[in-house]
Amino acid sequence: MNKIFTLLALICLAACNPKIKNLALYQDSPIKTAEFLPAQDKLASKDINIVILPFEEGDIKAAKQAQLGNIIATATENIISDSKVATIIDRDSIDKLKDEVAISEIRQTGVFKGLTAADYAISGALSEASLQHRYIAKKINVNSRTGQITTIPPKHKYSAKVAGNIKIYSLPNLEAITDSSFFGFTNRVNTEVINKEDHGLLRKAAQDALNAQKITLSNVLSKLRTGYVIGKKTKGKKQIFRVSFGYDDGLKHGDLLVIFRVTKHTNPISNEVRQENIKLTNAVVTNQIYSDSAWVILSDKKMNSQIEIGNIVLKKYRKTIGAKIQSFTNSISDGASALSDRSSL
């Protein structure tokens, strides 16, 4: 019952994205300018170029046979393409870059001069790729009231598990800016054949592993592409803000953004000046979106007076309503499968 209420809540949420019916009714409004503004080169729209390397399979036989390194690299490309956080460039000079990354890992330093068209490189390695088999014997059930006999045929249950890590490097200095793990698990049932190998199931587990990391990976990459508050309008007590993100940046109606204020602190001992981004509030994208900008509404209206021209804006990725509903459906299916397995033991 709780899952049904959850599903209904998700459907209702999908219809609650803010809409501006008539933007012409809003008037330009005075807005303070932030103390620390971005440099001019930061304001210019710049595509982020990324090269994705095949993931290392090591000595894992199952991974090599199923070509999981290429499968995971392709899944990573799909995540980036869908989110539009960066442009994927052709993998020219890829062997040289792989060698440079490996040397950097060993020496813990390095500078790569080959793939100058790329700003970042993504690579990783598999640590596990395994396939397990479990035989579930035939079971005969007899209804105590009717005497009806039900036969559940024997079946073979296969479980595939894939795990590894994914790293993002900045180029050309080959500095690792993030390192995270991934894990995928899936299973299927076959009533007749015993399979010693199942490359398809392993590949699905690999896809599931990357899909589980989709939100995390997208949010890491979103930090590499910064937008800014560039305007404000009001209509009575209603206030909306313009940001320098638009359709070209993959922005959609209902997307979540996070707004930050830049502060700077000087270390009294070293005199080192450090920049810190202080979160102000979240904002939701309205239906007023253009190629390079959009109008947003703050989640916390009390923060309207705190927003300034030049505040940093980052896109915050989260599960879509469709993905949440799919997860809800899968959880019901998995629960039914688990009950079926227990009843067959």
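Just the heavy atoms: all of them, side chains too, but no hydrogens, waters or symmetry mates, feed the values below.
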Q. Of all heavy-atom pairs between Gly310 and Pro38, which one has the smallest distance, and what is that distance?
A. O-CD, 4.1 Å
Q.
Before you tell me yes or no, could you show the steps for Val51 and Ile122 under side chain to side chain contact (heavy atoms under 4.5 Å, CB included), namely the whole-Å CA-CA distance, both residues' side-chain angles and the distance that decides it to 0.1 Å?
A. CA-CA 6 Å; Val51 62; Ile122 296 180; over 6 Å; no
**Q.** Heavy-atom side-chain contact between Ile312 and Ile259 under 4.5 Å
**A.** no
Q) Are Leu280 and Val262 connected in a single hydrophobic cluster, I mean Ile/Leu/Val/Met/Phe/Trp/Tyr linked by side-chain heavy atoms less than 4.5 Å apart? A) no
Q: Please round to the nearest 0.5 Å and tell me the distance separating atom CZ of Phe241 and atom CD1 of Ile297.
A: 10.5 Å
Q) Taking the side chain from Arg274 and the backbone from Lys264, do they hold a donor-acceptor pair closer than 3.5 Å? A) no
**Q.** Closest contact, heavy atoms only, Tyr317 versus Ser222
**A.** CE1-CB, 3.8 Å
Q: Decide yes or no on side chain to side chain contact (heavy atoms under 4.5 Å, CB included) for Asn187 and Tyr158, but give the supporting numbers first.
A: CA-CA 5 Å; Asn187 57 67; Tyr158 300 91; over 6 Å; no
Q. Taking Asp119 for the side chain and Asn49 for the main chain, is one N or O donor matched with an acceptor at less than 3.5 Å?
A. yes
Q) Any chain of hydrophobic side-chain contacts (each under 4.5 Å) joining Val229 to Val296? A) yes
Q. Atom CD1 of Ile72 and atom CD of Glu77: how far apart are they, to the nearest 0.5 Å?
A. 12.5 Å
**Q.** CD1 on Ile52 to CD1 on Ile88, rounded to 0.5 Å
**A.** 4.0 Å
Q: Measure the spacing between CG of Asp179 and CD1 of Ile168 and express it to the nearest 0.5 Å.
A: 10.0 Å
Q: Under 4.5 Å between side-chain heavy atoms, chaining through other members, with only Ile, Leu, Val, Met, Phe, Trp and Tyr counted: pull out the rest of the cluster around Ile140, sorted by chain and number.
A: Val142, Ile149
(Q) Quick check against the 3.5 Å criterion: does Ser244 have a side-chain atom that pairs as donor or acceptor with the backbone of Tyr228? (A) yes
Q | Distance, nearest 0.5 Å, that separates CD1 of Ile177 from NZ of Lys223 | A | 10.0 Å
Q) Got a second to check how far Thr150's OG1 is from Gln148's CD, nearest 0.5 Å? A) 5.0 Å
Going by atom type alone, with no hydrogens or angles, which donor-acceptor pairs under 3.5 Å involve a side-chain atom of residues 282-293 and a protein atom two or more places apart or on another chain?
residue : atom : partner : partner atom : Å
Asn282  : OD1  : Lys279  : NZ           : 3.2
Thr286  : OG1  : Gln288  : N            : 3.1
Thr286  : OG1  : Trp295  : O            : 2.8
Asn287  : OD1  : Ile20   : N            : 2.6
Asn287  : ND2  : Ile20   : O            : 3.3
Gln288  : NE2  : Ile20   : O            : 3.1
Ser293  : OG   : Arg242  : NE           : 3.0
Ser293  : OG   : Arg242  : NH2          : 3.0

Q. Applying side chain to side chain donor-acceptor pair (under 3.5 Å), which residue pairs with at least one partner in residues 207-221 are found, sequence neighbours left out?
A. Lys204-Asp208
Q: Show your working on side chain to side chain contact (heavy atoms under 4.5 Å, CB included) between Lys157 and His133 and close with a plain yes or no.
A: CA-CA 6 Å; Lys157 185 170 184 178; His133 164 255; over 6 Å; no
Q: Give the C-alpha distance, both sets of side-chain angles, the deciding distance and a yes or no for side chain to side chain contact (heavy atoms under 4.5 Å, CB included) between Val162 and Phe183.
A: CA-CA 6 Å; Val162 171; Phe183 175 82; over 6 Å; no
Q.
Treating Asp249 as the side-chain partner and Gly246 as the backbone partner, does any N or O pair qualify as donor plus acceptor under 3.5 Å?
A. yes
Q. Is there side-chain contact between Glu276 and His265, with at least one heavy-atom pair below 4.5 Å?
A. yes
Q | Distance-minimising heavy-atom pair for Leu202 and Ala129 | A | CD2-C, 4.2 Å
Q: Under 4.5 Å between side-chain heavy atoms, chaining through other members, with only Ile, Leu, Val, Met, Phe, Trp and Tyr counted: pull out the rest of the cluster around Tyr135, sorted by chain and number.
A: none
Q: Compare every heavy atom of Lys138 with every heavy atom of Thr151, then report the nearest pair and how far apart it is.
A: CG2-CD, 3.8 Å
Q.
Side chains of Phe55 and Leu53, heavy atoms from C-beta outward: is any pair under 4.5 Å?
A. no
**Q.** Salt-bridge contact Arg261-Glu308 (side-chain N to carboxylate O under 4.0 Å)
**A.** yes
Q. Quick one: does Ile48's side chain get under 4.5 Å of Tyr120's, heavy atoms only?
A. yes
**Q.** Side-chain heavy atoms of Ile230 within contact of Val243, under 4.5 Å
**A.** no
Q.
So for atom NZ, which belongs to Lys238, do other residues, nucleotides or ligands contribute more than 12 heavy atoms lying within a distance under 6.0 Å?
A. no
Q: Determine, using the 4.5 Å side-chain heavy-atom cutoff (strictly less than), whether Leu68 and Ile166 are members of one ILVMFWY cluster.
A: yes
Q: Indicate the atoms forming the closest heavy-atom contact of Leu221 with Ile50, along with that distance.
A: CD2-CD1, 3.7 Å
Q | Within one Ile-Leu-Val-Met-Phe-Trp-Tyr cluster: Ile307 and Ile240, side-chain cutoff 4.5 Å | A | no
Using a 3.5 Å cut-off and no angle test, enumerate the donor-acceptor pairs between side-chain atoms of residues 25-37 and protein atoms at least two apart in sequence or in another chain.
residue : atom : partner : partner atom : Å
Asp28   : OD1  : Lys233  : NZ           : 2.7

Q: Please report the closest heavy-atom contact between Phe245 and Gly227, naming both atoms and the distance.
A: CZ-N, 3.2 Å
Can I get a per-line list of side-chain donor-acceptor pairs under 3.5 Å for residues 250-258, giving both atom names and the distance, sequence neighbours left out?
residue : atom : partner : partner atom : Å
His253  : NE2  : Pro18   : O            : 2.6
Asp255  : OD2  : Lys252  : N            : 2.8
Asp255  : OD2  : Lys315  : NZ           : 3.1

